2 protein chains.
Amino acid sequence: MVKRVSLWNAGCPVARSLDAIGDWWSLLIIRDAFDGKRRFGEFQNGLGISKGVLSTRLRDLAKRGIFETVPASDGTAYREYVLTPKGRGLFPVIVALRQWGEDYLFADGEARSSLVDREKRAPVARLEVRSADGRSLVWSDTQVTG
Amino acid sequence: MVKRVSLWNAGCPVARSLDAIGDWWSLLIIRDAFDGKRRFGEFQNGLGISKGVLSTRLRDLAKRGIFETVPASDGTAYREYVLTPKGRGLFPVIVALRQWGEDYLFADGEARSSLVDREKRAPVARLEVRSADGRSLVWSDTQVTG
DNA sequence: CAGTATCCCCCCTGATACTG
DNA sequence: CAGTATCAGGGGGGATACTG
């Protein structure tokens with residue numbers, strides 16, 4: 001999000017990714033999008049983000065080709081925000097973040113999903129990272145939200 | 001990094017993860033740590049971050065159990081910062097970020113690794129995300145940096 | 001409901017200087 | 001080299017009000 005110093009030109013893919021979505025809100029918005037949210041209000045209510053900030057983020061993310069806007073599916077005059085293929089490409093990032101959080105940030109037995117209805121539509125996925133020799137480094141179940 | 005509004009208590013693992021490492025510098029510092037950097041100066045030179053900010057970040061990350069400090073290996077009176085198991089657990093996050101950046105943020109033929117020596121020690125890994133039915137959603141080679 | 005426009009303030013960030 | 005302390009500025013973020 002264009003901090004004072006941008007590492008965009010560093011040529012490091014990690015830095016560039018962070019430049020695009022490495023701020024507090026963007027990944028949370030994208031997470032909600034993966035969870036099926038499409039409307040301005042849905043994002044706003046779920047996140048408790050102010051309208052101004054959400055508006056800016058959505059526009060910025062659209063400019064970067066992560067979201068695209070489409071006419072509202074219910075016939076109203078509003079827009080809906082849906083992930084582009086590039087945006088959906090962030091799925092592994094969300095999954096990795098979620099997995100780490102589950103593994104290291106919760107006390108045993110603590111509830112893990114107050115934000116969304118787990119039954120609904122959150123994609124279920126398994127993430128794996130292997131070293132060059134094929135040895136599995138990570139392997140576990142996960143869901144995007146909750 | 002304790003923004004005004006913390007979603008820590010939301011119970012969403014993604015939000016908690018972001019609360020812990022979701023700021024501009026933390027993941028870059030962690031990326032460098034995966035690349036073998038251990039000293040204050042190594043981080044500072046590589047990132048172009050100010051001393052004050054780096055100092056704060058390092059202390060904060062240590063407080064969160066992501067880094068631990070050990071006596072300098074060269075006998076000097078300084079500390080070195082090494083990732084804890086919890087910190088190393090962020091490997092998939094870095095990998096996912098890197099993969100996405102490579103896939104969507106570079107023009108064809110553009111150089112991808114000005115920050116580090118690819119030959120050296122950057123861990124090579126493959127990341128995979130599968131849907132519940134075992135269908136592979138993502139599969140490609142990657143390195144942490146550069 | 002879906003935004004946009006304003007205002008204001010906090011604090012993150014960077015620069016500089018100082019200590020061991 | 002490895003930090004800590006202090007200071008100044010700038011922009012992100014929230015709140016509120018307003019429009020269609």
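Nothing here was measured: the structure is a model prediction, and the numbers come from that model. Below, chain A is the first sequence line, B the second, and so on; all start at residue 1.
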Worksheet item: Rounding to a whole Å, what distance do you find between A:L47:CG and D:dG12:P?
Response: 19 Å

Item to complete: For the side chain of A:K51, starting at C-beta, report the closest nucleotide among C:dT4, D:dG13, C:dT13.
Response: C:dT4

Worksheet item: Any Lys/Arg nitrogen of B:R39 or B:D32 sitting under 4.0 Å from an Asp/Glu carboxylate oxygen of the other?
Response: no

Discussion item. Can you tell whether the side chains of B:R31 and B:D35 come within less than 4.0 Å, N to carboxylate O?
Written reply: no

Worksheet item: Nearest-Å distance, CG (A:L54) to P (D:dG12)?
Response: 16 Å

Worksheet item: Choosing from C:dG3, C:dT13, D:dG13, which nucleotide comes nearest the side chain of A:S55?
Response: C:dG3

Worksheet item: B:Y81 near the nucleic acid: base, sugar-phosphate alone, or nothing, with a heavy-atom cut-off under 4.0 Å?
Response: sugar-phosphate

Response to the item:
The answer to which of A:S50 and B:G52 contacts DNA chain D further toward the 5' end, by nearest nucleotide, is B:G52

Worksheet item: With respect to the phosphate group of D:dA2, does any side-chain polar atom (N or O) of B:R39 fall under 4.0 Å of OP1 or OP2?
Response: yes

Worksheet item: How many Å lie between CH2 on B:W24 and C1' on D:dG11, as a whole number?
Response: 16 Å

Worksheet item: A:Y78 has a side chain; which of D:dG3, C:dA2, D:dC1 sits nearest to it?
Response: C:dA2

Worksheet item: Are the aromatic rings of B:Y78 and B:F40 close, with centres under 6.0 Å apart?
Response: no

Fill in: Integer-rounded Å distance: C:dT13 C1' and B:Q44 CD
13 Å

Worksheet entry | Nucleotide D:dC1, atom C1' - distance to CD of B:E42 in whole Å | 12 Å

Discussion item. Partner lookup for C:dG20, please. Criteria are Watson-Crick or G-U wobble with both distances under 3.5 angstrom; report none if nothing qualifies.
Written reply: D:dC1

Fill in: A:R57 side chain near D:dG13 phosphate (N/O to OP1/OP2, under 4.0 Å)
yes

Worksheet, complete the sentence: Per atom distances to the B:F40 side chain, the nearest of D:dA2, C:dG3, D:dG14 is D:dA2

Fill in: Rounded distance in Å - CG (A:D23) to C1' (D:dG12)
10 Å

Discussion item. When you measure from the side-chain N and O atoms of B:R79 to the phosphate of D:dG3, is any distance below 4.0 Å, counting only OP1 and OP2?
Written reply: yes

Practice prompt. Return yes if a side-chain donor-acceptor contact under 3.5 Å exists between B:S73 and B:E80, otherwise no.
Written response: yes

Fill in: Distance in angstrom units between B:I29 CD1 and C:dC12 C1', rounded
14 Å

Fill in: Interatomic distance, A:I49 CD1 vs C:dT4 P [rounded to whole Å]
13 Å

Worksheet entry | cation_pi(A:R16, B:F106) dist<6.0 Å, angle<=45 | yes

